[in-house]
Amino acid sequence: MSRGRRAPGHYDPRRGPANVRVVLPLAPSMTAERVRFAPSPTGYLHIGGVRTALYNWLWARKTKGTFVLRIEDTDVERSTAESTQVIFDAMKWLGLDWDEGPGVGGPNGPYFQTQRLEIYKDFADKMIERGTAYRCYATKEELDAERERQSKGGNPYFKYPGWWRDKGPKDWLDDKPYVVRLKTPKSGTTGWVDLVKGRIDVPNEQQQDVVLIRQNGMPLYNFGAAIDDLTMGITLVARGDDHVVNTPIQILIYEALGKTAPKLAHLPMINGPDGKKLSKRNAAVSVAEYRDMGFLPDAVLNYLARLGWSHGDQEIFSRAEMIEHFDWSHCGRTAAQYDLKKFQFVQSSHLRALSDTDLGALARPFLANDLKVDDARYDAAVGTVKTRATTLVETAQMVDFYFRDTLSFDEKAVAKFLVPAAAATLTDFRAHLAAQSAFDRASLEAATTAWLTEKGLQIKDVAQAARVSLTGKSQSPGLYEVLEVLGKDRSLARLEAGAAMASRTTGA
RNA sequence: GGCCCCAUCGUCUAGCGGUUAGGACAUCGGCCUCUCACGCCGGUAACCGGGGUUCGAGUCCCCGUGGGGUCACCA
C-alpha cells in the first residue's frame with residue numbers, strides 16, 4: 001500500500017485480483033480483544049519489545065480485553081531461565097500486568113511453548129491428515145548437498161525442492177526421524193489488511209515448504225506462534241515490522257487448519273540514534289538499565305508510546321490517558337529513531353508531576369548507603385530539587401547535602417566564592433539569621449531583604465558564598481528554600497564554617 | 001538478487017485535495033532571577049526527485065532514488 005490512505009479494516013474489492021485470498025479482519029472495534037506479548041527468553045527485555053508489549057497491553061486495557069504473556073522458548077540453545085525471570089521482572093516493574101500467562105495461569109495454558117509440544121504434534125498430524133502438511137525424511141546430508149548444488153547456480157537463497165511433498169504414509173520411513181513441512185500453495189497470493197500498514201499481498205510462490213516441527217519435536221517459530229495464537233484465542237496480533245514476512249506463512253497455517261487468522265498489526269522498527277539498528281552499541285536497550293538509571297516506568301512507557309504513535313499534539317500522557325487514546329490507526333508507518341534527549345524530557349516531565357512524598361519514596365532506594373536521612377525534612381528536601389533533577393538517581397544525589405554532618409565541598413566553588421572578602425559578610429549574614437525566630441522561606445526572604453537594605457548590599461553579594469557554605473556547591477535550590485529545609489541550627493553552623501573557610505584563605 | 005515495507009524540520013510527529021505546512025525535543029536569542037533548574041516569549045529549520053490525475057497536490061496514481069525488513073530443523 002502506498003503512503004496515502006491506509007484502510008485498516010476496510011477491504012476495497014476493487015484493489016485486488018480476483019484470485020487473491022484475503023484474510024479479512026473485522027473492523028477495529030471496542031469489543032474485548034485478546035492480545036498477547038510473546039518474547040523469547042534469550043537475553044534482556046529490549047525496549048523495542050517493550051513497545052510491542054505496551055501497545056498490546058494498552059489495547060487489552062482499552063477494550064477491556066485480555067493480555068496474554070507467552071514465553072517462546074523453543075530455541076533451547078539460547079533460552080534460559082534467567083532471561084525468563086528478567087522478562088517477568090521488567091514487565092512487573094513497568095506495570096504491564098498480564099491476565100493470562102506464567103504465574104497467573106489461565107484457561108489456555110501452559111504458557112511456555114516447550115510445555116505445549118503435544119499440542120503442536122496434534123495440530124501437525126491434523127494437517128498431515130488434511131493433506132496440508134507432510135512428513136519430510138530428508139537428512140541433513142541430503143539437504144546440505146542440495147544447498148550446495150543450488151548455491152553453485154549463483155543463488156545463495158536455498159529453496160527446499162519438495163522431495164517429500166507429494167508422498168504419503170506408504171512412503172514413510174517409520175524408524176527414521178522426520179520434520180513436518182507445510183504444503184505451501186504454489187500459486188496465488190496471500191494477503192491481509194494490516195491495522196497499521198494497510199493492505200499487504202504476497203505471492204505464494206515466494207514461500208517455500210517451511211519446516212513446522214523439527215526432528216526433535218520442537219515447533220519452529222511460525223508454527224508455534226500460529227498454533228498458540230489459534231488455541232489461545234488471540235483475536236489481534238501486534239508485533240514488530242520484521243514479522244510481516246512471516247505473516248503469510250502463519251495465515252497459510254491457519255487456513256490449512258480451516259481457520260481464520262486474527263487481526264494483524266505490524267509496528268515499524270525503532271532505530272538507534274545513528275539511524276542504524278537499535279542495539280547496545282548505540283543506546284541503552286535493556287529495560288533494567290532505565291530502572292537502574294532512575295527512570296520512571298510511566299516515563300519509559302510514555303516515551304515508547306509516542307515513538308510510533310501520536311494523539312494530536314499531546315506529548316505527555318498518564319497511563320490512563322494512553323489507554324484512553326491509544327489507537328492502531330494513529331500508529332505511524334515509518335521507522336522511528338531513538339532519541340535520549342526527548343526521552344529525558346519525557347522522564348523529567350513525569351518526575352516533576354510527582355508529589356514530593358511520592359518522589360521521595362521512589363528516590364529512597366537510590367540514596368547513598370551511608371546517608372542518614374532525617375525523615376522529618378526529607379520530603380521538603382526532595383521538593384526543592386524536583387525541577388532540577390531528571391532521574392531518581394539525580395534526585396537522590398541532589399538531596400544528599402541536606403543530611404550530611406560534614407559537607408563535601410566542590411573545590412572550584414570554594415576557590416571562587418569562599419574568598420576572604422566574603423568572610424565578614426557571611427558572618428554578618430549568619431548573625432542576622434541567628435536573630436530570626438521564623439525560619440520559613442518567606443520570612444527568611446523578607447528578613448534578608450531588610451538586612452540587605454540596611455547594609456546597602458545586594459543579594460548577589462552574599463548568595464553564592466552562602467550557597468557554597470550551605471550546600472558545598474555553586475549550584476543548588478534557592479537560598480531560602482535551602483535554609484528552611486536545613487533548619488536554623490544547621491544553617492547557622494554551616495554559615496559559620498563557611499565564613500571560617502573564607503577567612504582561612506586569607507592566611508596565604 | 002526475489003519478495004515485502006517505508007519516505008514532512010537534525011529527531012518524534014500533526015496533516016486524511018484548498019493550511020502563512022501545526023506541535024514537541026534539540027538548537028539559537030530574550031524574559032524571569034541569589035546559582036542551577038522550572039516557567040514564559042521569540043527565531044532558525046521539513047513535504048526525496050520526476051512524471052501524471054485535478055481548477056487545485058505534502059495529501060491520489062505511476063516511475064525513479066534512497067532507507068529498512070526477510071529469504072534456517074533462530075525467534
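In what follows, chains are A, B, ... by sequence order, proteins preceding strands, each numbered from 1.
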Would you say the side chain of A/Lys277 lies within less than 4.5 Å of the side chain of A/Met269, judging by non-hydrogen atoms?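 Answer no - side chains too far apart.
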Sub-4.5 Å side-chain heavy-atom contact between A/Tyr254 and A/Asp229 = yes
Span that lies between the [atom1] atom of [M] and that of [N], in whole angstrom:
N     : M     : atom1 : result
B/G15 : B/C47 : C1'   : 11 Å
B/C63 : B/C6  : P     : 14 Å
B/U8  : B/G67 : C1'   : 16 Å
B/C9  : B/G22 : P     : 14 Å
B/U53 : B/C74 : C1'   : 47 Å
B/C55 : B/G68 : C1'   : 39 Å
B/G39 : B/U33 : C1'   : 12 Å
B/C31 : B/C16 : P     : 39 Å

Now, which nucleotide makes the Watson-Crick or G-U wobble pair with [N], with each of the two distances under 3.5 Å?
N     : answer
B/G42 : B/C28
B/G49 : B/C63
B/C71 : B/G1
B/A37 : none
B/C55 : B/G18

Just how far, in rounded Å, is [atom2] of [N] from [atom1] of [X]?
X        : N     : atom1 : atom2 : value
A/Ile200 : B/G69 : CD1   : P     : 16 Å
A/Ile270 : B/U11 : CD1   : C1'   : 14 Å
A/Leu267 : B/U13 : CG    : P     : 11 Å
A/Gln314 : B/C25 : CD    : P     : 14 Å
A/Trp309 : B/A24 : CH2   : P     : 17 Å
A/Lys342 : B/C9  : NZ    : C1'   : 13 Å
A/Phe343 : B/C12 : CZ    : P     : 15 Å
A/Glu315 : B/U11 : CD    : P     : 16 Å

Practice problem: Name the nucleic acid region contacted by A/Gly224, choosing base, sugar-phosphate or nothing; use a 4.0 angstrom heavy-atom cut-off, strictly under. | Solution: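 The residue A/Gly224 makes no contact with any strand.
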Margin query: Does A/Thr190 form a side-chain contact (heavy atoms from CB on, under 4.5 Å) with A/Val202? I'd like the steps, not just the answer.
Written below: CA-CA 5 Å; A/Thr190 300; A/Val202 184; 5.7 Å; no
Protein heavy-atom contacts under 4.0 Å, written 5' to 3' over nucleotides 70-75 of chain B as B (base), S (sugar-phosphate only) or - (none), form the string SBSBBB
Which atom pairs, donor and acceptor, lie under 3.5 Å between side-chain atoms of residues 38-50 of chain A and protein residues at least two apart or in another chain?
unit_1	atom_1	unit_2	atom_2	d
A/Ser40	OG	A/Glu72	O	3.3
A/His46	ND1	A/Gly48	N	2.8

(request) Using the ring of A/Phe417 (Phe, Tyr or Trp, six-membered ring only), decide whether A/Arg467 places NZ or CZ under 6.0 Å from its centre and within 45 degrees of its axis. (result)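 Relative to the ring axis of A/Phe417, which defines the angle, A/Arg467 lies outside at least one limit.
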**Message:** We want to know whether A/Asn222 and A/Gln250 form a side-chain donor-acceptor pair, criterion being a heavy-atom distance below 3.5 angstrom.
**Reply:**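 Looking only at side-chain atoms, A/Gln250 and A/Asn222 do form a donor-acceptor pair, the distance falling under 3.5 Å.
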What nitrogen or oxygen pairs link the protein and nucleotides 34-41 of chain B at under 3.5 Å?
unit_1	atom_1	unit_2	atom_2	d
B/C34	O2'	A/Arg467	NH2	3.3
B/C34	O2	A/Arg467	NH2	2.3
B/C34	N3	A/Leu479	N	3.1
B/U35	O4'	A/Gln464	OE1	3.1
B/U35	O2'	A/Ser474	O	3.2
B/U35	N1	A/Arg467	NH2	3.2
B/U35	O2	A/Ser476	N	2.8
B/U35	O2	A/Ser476	O	3.1
B/U35	N3	A/Arg467	NH1	3.2
B/U35	N3	A/Ser476	O	2.5
B/U35	O4	A/Gly478	N	3.2
B/C36	O2	A/Arg388	NH1	2.8
B/C36	N3	A/Arg388	NH1	2.4
B/A37	O2'	A/Thr387	O	2.2
B/A37	N3	A/Thr387	OG1	3.1
B/C38	O3'	A/Arg352	NH1	3.2
B/G39	OP1	A/Arg352	NH1	3.1

* Would you mind telling me which of B/A24, B/A14, B/A26 lies closest to the side-chain atoms of A/Ser310? =>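 Nearest to the side-chain atoms of A/Ser310, counting from C-beta on, is B/A14.
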Between A/Phe343 and A/Tyr290, is the ring centre distance below 6.0 Å?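 Ring centroids of A/Phe343 and A/Tyr290 are less than 6.0 Å from each other.
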Relative to the ring of A/Trp328, is the ring of A/Tyr55 parallel (under 30°), tilted (30 to 60°) or perpendicular (over 60°)?
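Correct class here is perpendicular.
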Open item on the list: Classify the ring geometry of A/Trp309 against A/His311: parallel below 30°, tilted from 30° to 60°, perpendicular beyond 60°.
Closed with: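 Because their plane-to-plane angle is under 30°, the rings of A/Trp309 and A/His311 count as parallel.
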Working note: A/Arg116 + A/Thr231, criterion side-chain contact (heavy atoms from CB on, under 4.5 Å); need CA distance, chi angles, decisive distance, verdict.
CA-CA 11 Å; A/Arg116 300 171 63 81; A/Thr231 55; 2.7 Å; yes
* Might you work through the side-chain hydrogen bond (donor to acceptor under 3.5 Å, both in side chains) test for A/Gln337 and A/Asn271, ending with a clear yes or no? => CA-CA 5 Å; A/Gln337 207 161 301; A/Asn271 293 140; over 6 Å; no
